[in-house]
Each structure stands twice: as C-alpha cells, then as structure tokens.
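Input: a single structure, listed below in structure tokens.
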Amino acid sequence: MPAPASGTQTRVASANVLYSLAPEDARTALDAILALEPDLVGLQEWYPTRFRLLRETGHLGFVPQVAGRLQRSADRGTPDYLWNTPLLGGCAVGARADRFALVHCRTRFLSAPGLSDRKEQGRSLEPGRAATVAVYRDLQADRTVCLVDYHLVSGVQAGGRYRTDRPVLTARHRREAAMLGRIVREQLAEGHVVLAAGDSNFHGLRIEGLTSAWEGREQQPGTLGLHRQVDDVHGPGPAEAVTVVTTASDHRAIVVRRTHRADS
C-alpha cells in the first residue's frame, strides 16, 4: 500500500471581539483565543484603541505593510505573533512568527459609506467595509498562504433568508459578499493557499472555491445565538476540527484546523 500523503496542519482563528468591551475584557478574549495557539488569526471590530493589546503578544505593523521588521513589545509567555492592523475597518490579522513570514498586507474595500434602510423611520448612514488581505510565506511548507479577514454588514437576515423589508441594506450585503468572492478568486489565481476568516452576519454564507468550516456541521451550535453560524474560516477542503470559544463578546470565536497535503 502506498504511504499516506504527508501534510502541514494549520489552525486558523476568527473572532469578532465586540468593539464596546472594556479593554480588560478584550484582553481576556484575545488571551482565550491565543491560548489555543492558532497559526493565523483574523480579528474583527479591533479598532485603534486596542492596538496596544496586540503589542503585548508580539510584533505590530500597520496596513499596508510589506516584508520587514515589525515593532516588538513585551513577551507575555505566548508565541510571538506578527500583527497587522488597519486604521479603518477593524479587521486585524495575526500570524505566528515561528511559522510564517509576512510578504505583504493590504486593505481591500468591500463597500463605500452610504445610506441604508436599517431604521424603520428614515435612512441611516452605513460605514464602508474593508477586508484585510495578508500574504505569508509558510516556513514549514513550500507555499504562500493568503489570509482574508472580513466583516460584512449586519442586520440583513431573518429566518435564514435576506430580509425583504431592508432592500437597500441587503443589496449592500450582496455586493460585499460578491467583492469578497472576487478577492478570493484573485488570490487563488495568484497561486496562494487561501483562507477567508471573518463575520459574514449571514448564516449559511459560502465562498466559491473554498469550503466553509461549517460544511457537514450544520446542526452544531453556532457563534451568534444558539444556531447562527455567521463566523467562519473558509479554506481548501473540509475542516478537520472546529473549536468554539466563548468570551465576553456577543459572538463566539472559532479555531479551525485543516491539513494541507503536499500533493493537493
């Protein structure tokens, strides 16, 4: 019998850490996620007031960023992470420094600011949405890995379907999801192993060319409320394991394990 194909295991975390949490609660949430030692991390709602928390766990760079030395801070006894965070958008990405070397990290806009029909009376202003796209060289395998960290507009789904009473908002979500799919296709065409981690605010969202971590796990408890599986890590092929992490945030975080086969 032929020997089984060897592979490289990768653990990827996605965590929407509610922006209004107190700094200590945000730190505790981050610690709970990093305690599982993910290789790659996508954070959402991680705004400038929290940048210093990332410095506590490794090196901090901003977006855009190309390969180079990032700012180092105090060691807290956890693996060093290479963090990149944008000034706008709240999607910060991290990679274990002993596993990955940064090639480049950029912002890709998913939508522009505009009016929406979120409120029953009158229109509200929706901020623009942006994804953070980071490419790394894998130090354990002959490959480059692209992490796409995203956070799509909320309030668009009810009963498992797009809401019919918010056509402007749902159209915005459809455009953001389509742009996310375009970014993934572009990165796949570049030859990278692509992982898309984030909060879609839509139970059942799928991205062409990748596989949801919830595929085959549709009956398992979700990350928002009891059943909504809105936080996800899409990647090449089915996930081998999905660990849900409860924090003080309104969303539960997930850590997803996949194995990349050398012959795949």
Side-chain angles (χ1 to χ4, degrees), residues 9-47 49-58 76-85 90-100 131-132 134 145 147-152 154 195-205 210-235 238-259:
Q9 187 180 101
T10 305
R11 294 183 299 273
V12 184
S14 180
N16 182 330
V17 184
L18 185 66
Y19 72 94
S20 59
L21 289 182
E24 193 55 41
D25 287 334
R27 177 186 284 109
T28 300
L30 182 62
D31 285 347
I33 296 157
L34 298 187
L36 297 177
E37 298 190 353
D39 301 292
L40 295 167
V41 183
L43 301 173
Q44 302 91 46
E45 300 196 26
W46 202 271
Y47 297 113
T49 54
R50 294 178 175 168
F51 288 0
R52 62 186 178 85
L53 300 182
L54 300 182
R55 291 195 184 99
E56 295 174 358
T57 61
R76 292 175 58 196
T78 59
D80 276 357
Y81 281 85
L82 307 174
W83 293 106
N84 286 95
T85 185
C91 289
V93 294
R96 282 183 61 144
D98 60 353
R99 171 71 187 276
F100 291 102
T132 300
V145 175
L147 177 63
V148 181
D149 185 17
Y150 62 89
H151 187 191
L152 307 188
S154 65
L195 297 153
D199 171 16
S200 69
N201 278 305
F202 194 92
H203 175 83
L205 181 80
L210 301 180
T211 303
S212 166
W214 297 110
E215 200 74 35
R217 297 179 172 85
E218 289 83 1
Q219 303 309 312
Q220 293 188 12
T223 59
L224 185 61
L226 291 177
H227 304 296
R228 297 190 69 207
Q229 299 167 337
V230 301
D231 302 89
D232 206 341
V233 177
H234 307 257
E240 296 173 1
V242 177
T243 302
V244 177
V245 183
T246 300
T247 70
S249 180
D250 55 338
H251 287 244
R252 288 177 283 278
I254 59 171
V255 179
V256 176
R257 188 184 76 229
R258 283 184 172 88
T259 298

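No experiment lies behind these values; they were computed from the predicted model shown. In this chain, numbering begins with 1 at the start of the sequence shown.
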Check: [X] side chain, [Y] main-chain N or O, donor-acceptor pair, under 3.5 Å:
{"X": "T10", "Y": "R258", "value": "no"}
{"X": "E45", "Y": "H151", "value": "no"}
{"X": "R217", "Y": "A213", "value": "yes"}
{"X": "R252", "Y": "G222", "value": "yes"}

Decide yes or no for [X] and [Y]: does some side-chain heavy atom of the first lie under 4.5 Å from some side-chain heavy atom of the second?
{"X": "R11", "Y": "E240", "value": "no"}
{"X": "Q44", "Y": "H251", "value": "no"}
{"X": "L40", "Y": "L195", "value": "yes"}
{"X": "W83", "Y": "L53", "value": "no"}
{"X": "Q229", "Y": "S212", "value": "no"}

| field | Distance-only polar pair, side chains of S14 and D231, donor-acceptor under 3.5 Å | value |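 Distance-only check fails for S14 and D231.
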Atom [atom1] of [X] and atom [atom2] of [Y]: how far apart are they, to the nearest 0.5 Å?
{"X": "T28", "Y": "I33", "atom1": "OG1", "atom2": "CD1", "result": "11.0 Å"}
{"X": "N16", "Y": "S200", "atom1": "CG", "atom2": "OG", "result": "11.0 Å"}
{"X": "W46", "Y": "T132", "atom1": "CH2", "atom2": "OG1", "result": "14.0 Å"}
{"X": "D199", "Y": "L224", "atom1": "CG", "atom2": "CG", "result": "7.5 Å"}
{"X": "F100", "Y": "L82", "atom1": "CZ", "atom2": "CG", "result": "10.0 Å"}
{"X": "H203", "Y": "R228", "atom1": "NE2", "atom2": "CZ", "result": "8.5 Å"}

| query | Mind checking what makes side chain to side chain donor-acceptor pair (under 3.5 Å) contact with S154, not counting sequence neighbours? | reply | R118
| said: If the condition is side chain to side chain donor-acceptor pair (under 3.5 Å), which residues does Q219 pass it with, not counting sequence neighbours? | reply: none
Could you tell me which non-hydrogen atom of [X] sits nearest to which non-hydrogen atom of [Y], and how far apart they are?
{"X": "A26", "Y": "R50", "result": "CB-NE, 3.6 Å"}
{"X": "L43", "Y": "D149", "result": "O-OD2, 2.8 Å"}
{"X": "A239", "Y": "V256", "result": "CB-CG1, 3.5 Å"}
{"X": "L147", "Y": "G94", "result": "CD2-O, 4.5 Å"}
{"X": "P38", "Y": "Y81", "result": "O-OH, 2.7 Å"}
{"X": "L205", "Y": "D232", "result": "O-OD2, 4.4 Å"}

[X]: side chain to side chain contact (heavy atoms under 4.5 Å, CB included) partners, not counting sequence neighbours:
{"X": "A29", "value": "V17, T247"}
{"X": "D25", "value": "L21, A22, A248"}
{"X": "F51", "value": "P48, L60, F62, T85, L87"}
{"X": "E218", "value": "R206, E215"}

| task | Please name the residue in the list V41, V145, V233 that meets the side chain to side chain contact (heavy atoms under 4.5 Å, CB included) test with V12. | result | V233
| request: Look at the rings of Y150 and H234 and say which category their plane angle falls in: under 30° parallel, 30 to 60° tilted, over 60° perpendicular. | output: tilted
| Going by an N to O cut-off under 4.0 Å, is there a salt bridge joining E37 and R96? |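 Result for this pair is yes, salt bridge flagged.
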